[in-house]
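Every chain is numbered from 1 and lettered A, B, ... according to where its sequence line falls, protein lines coming before strand lines.
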There are 2 protein chains.
Amino acid sequence: MQTEEEILKIKKVKNTAVRTVVLRHLLAQEKAQSLKDIENALAYTDRSSIFRTLKTFEENKVIHSIEDGSGMTKYAVCAEGCNCEPKDLHYHFYCTNCSKTFCLVDLPIPHIKLPENFKLHQANMVVKGLCDKCNK
Amino acid sequence: MQTEEEILKIKKVKNTAVRTVVLRHLLAQEKAQSLKDIENALAYTDRSSIFRTLKTFEENKVIHSIEDGSGMTKYAVCAEGCNCEPKDLHYHFYCTNCSKTFCLVDLPIPHIKLPENFKLHQANMVVKGLCDKCNK
DNA sequence: TAATGTTTGCAATCGAGTTGCGCTAATACC
DNA sequence: GGTATTAGCGCAACTCGATTGCAAACATTA
Ligand SMILES: [Mn+2]
Ligand SMILES: [Mn+2]
Ligand SMILES: [Zn+2]
Ligand SMILES: [Zn+2]
């Protein structure tokens with residue numbers, strides 16, 4: 001497991017107080033976090049600072065974002081070695097009962113045969129249903 | 001190709017003026033439409049009426065919605081025989097250049113082996129990149 | 001140190017989505 | 001047909017996540 005400092009160094013993002021604490025928070029979660037989740041957890045850090053930090057992180061591939069249909073974009077730390085390329089894409093699971101969103105990093109996306117002349121760059125793959133805790 | 005009246009009858013949705021014109025518009029498009037797209041196209045129909053129409057259509061599986069990450073939910077008419085079940089799920093393509101979102105109905109989603117005890121109900125699968133027209 | 005660039009906090013704004021409400025049209029009931 | 005009830009519609013207001021302008025604080029460079 002890499003520390004916040006190591007990750008930021010590898011991804012060439014300058015370390016600051018806000019960046020460290022946001023990244024630390026993201027690393028400590030099992031579920032993907034919304035801006036509001038982070039804002040609530042970091043009571044003394046301003047929302048717009050967190051917002052801009054998330055943008056910076058995403059641009060530099062420290063994290064990736066997930067549109068799970070809940071109305072709030074979620075964020076999760078990229079796995080070690082991830083470069084947000086097609087080979088790094090994975091499914092996400094959104095539990096319609098507990099509203100948690102997870103990265104299914106062990107479930108790589110199969111090769112998608114797009115129509116002639118289409119070019120794949122990114123993907124937002126969200127599978128919805130019940131997570132193991134809610135599926136009783 | 002089914003007419004608006006036929007589709008609404010099959011899906012047991014009462015026909016009204018707004019519903020007919022919204023469905024007709026959706027049927028005539030090659031790309032999935034946002035609420036704003038429809039509002040712009042139907043200049044004399046109120047936004048909230050279109051909004052509620054879309055909700056009704058979605059609840060009754062006349063259309064399905066797509067979260068393509070553009071910030072606006074897109075809507076597309078379900079294929080004939082579609083019941084919005086896992087077997088009916090398909091990929092969507094969002095062109096990052098021209099911002100068009102398409103249903104790739106001929107590209108069914110492969111079986112997804114979720115972790116133990118997870119239950120799949122729905123999915124929002126969006127592949128992003130360049131469409132054939134923009135990939136020169 | 002002074003100049004320059006970057007990050008942060010605060011407040012304001014944006015905009016897609018949603019809702020309350022009164023009016024009208026459609027349907028059900030007598 | 002006539003009246004009560006329900007459903008759909010249009011307008012305006014509102015919600016709330018996301019985004020931005022700006023000035024102060026901080027870091028880097030010359
Ligand atoms: Mn992920
Ligand atoms: Mn579709
Ligand atoms: Zn759950
Ligand atoms: Zn395109």
Mind checking A/Thr73 for me? I need base, sugar-phosphate or nothing, with any heavy atom below 4.0 Å counting as a touch.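 A/Thr73: backbone/sugar contact only, no base atoms under 4.0 Å.
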Residues forming a side chain to side chain donor-acceptor pair (under 3.5 Å) with A/Asp106, sequence neighbours excluded: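 Not a single residue meets the side chain to side chain donor-acceptor pair (under 3.5 Å) criterion with A/Asp106.
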What integer distance in Å separates [X]:[atom1] from [N]:[atom2]?
{"X": "A/Ile38", "N": "D/dA18", "atom1": "CD1", "atom2": "C1'", "answer": "13 Å"}
{"X": "A/Asn60", "N": "C/dT6", "atom1": "CG", "atom2": "P", "answer": "14 Å"}
{"X": "B/Arg19", "N": "C/dA26", "atom1": "CZ", "atom2": "P", "answer": "12 Å"}
{"X": "A/Lys36", "N": "D/dT15", "atom1": "NZ", "atom2": "P", "answer": "13 Å"}
{"X": "A/Gln33", "N": "D/dG17", "atom1": "CD", "atom2": "C1'", "answer": "16 Å"}
{"X": "A/Glu39", "N": "C/dA11", "atom1": "CD", "atom2": "P", "answer": "13 Å"}
{"X": "A/Leu35", "N": "C/dG9", "atom1": "CG", "atom2": "P", "answer": "13 Å"}
{"X": "A/Glu58", "N": "D/dT19", "atom1": "CD", "atom2": "C1'", "answer": "14 Å"}

Evaluate side chain to side chain contact (heavy atoms under 4.5 Å, CB included) for B/Thr73 paired with B/Leu35, printing each intermediate quantity in order. CA-CA 7 Å; B/Thr73 304; B/Leu35 175 56; over 6 Å; no
Which residues, if any, of residues 5-18 of chain A bring a heavy atom under 4.0 Å of DNA chain C?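 A/Lys14, A/Thr16, A/Val18, in order of number.
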Taking DNA chain C as the partner, which of residues 46-54 of chain B come within under 4.0 angstrom of it by heavy atom?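 Residues of residues 46-54 of chain B under 4.0 Å from DNA chain C: B/Arg47, B/Ser48, B/Phe51, B/Arg52.
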Quick check on D/dT19: is either OP1 or OP2 less than 4.0 Å from any side-chain nitrogen or oxygen of A/Lys55?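 Answer yes for this pair, as a side-chain N or O of A/Lys55 is under 4.0 Å from OP1 or OP2.
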Tell me which pairs pass salt bridge (Lys or Arg N to Asp or Glu O under 4.0 Å) where either residue lies in residues 43-64 of chain B, with sequence neighbours left out.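 Pairs touching residues 43-64 of chain B that pass the test: B/Glu39-B/Arg47.
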Side-chain heavy atoms of A/Thr101 within contact of A/Lys31, under 4.5 Å: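 The answer is no; the side chains never approach within 4.5 Å.
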Can you confirm whether A/Tyr91 sits close enough to A/Ile109 that some side-chain heavy atom of one is under 4.5 Å from a side-chain heavy atom of the other?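 They are in contact (side-chain heavy atoms under 4.5 Å apart), so the answer is yes.
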Sort out for me which residue in A/Arg24, A/Arg19, A/Lys9 forms a salt bridge (charged side-chain N to carboxylate O under 4.0 Å, His left out) with A/Glu4.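 Of all the options given, the one that passes is A/Arg24.
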Kindly state each residue pair satisfying side chain to side chain donor-acceptor pair (under 3.5 Å) with at least one member in residues 108-121 of chain A, sequence neighbours excluded.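 As it turns out, there is no side chain to side chain donor-acceptor pair (under 3.5 Å) pair with a partner in residues 108-121 of chain A once direct neighbours are skipped.
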The criterion is side-chain contact (heavy atoms from CB on, under 4.5 Å); which residues satisfy it with B/Ala76, sequence neighbours excluded?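 B/Ala76 satisfies side-chain contact (heavy atoms from CB on, under 4.5 Å) with B/Ala32, B/His64, B/Ile66, B/Cys103 only.
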Between A/Lys100 and A/Glu30, does any NZ, NE, NH1 or NH2 come within less than 4.0 Å of an OD or OE carboxylate oxygen?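 A salt bridge links A/Glu30 with A/Lys100.
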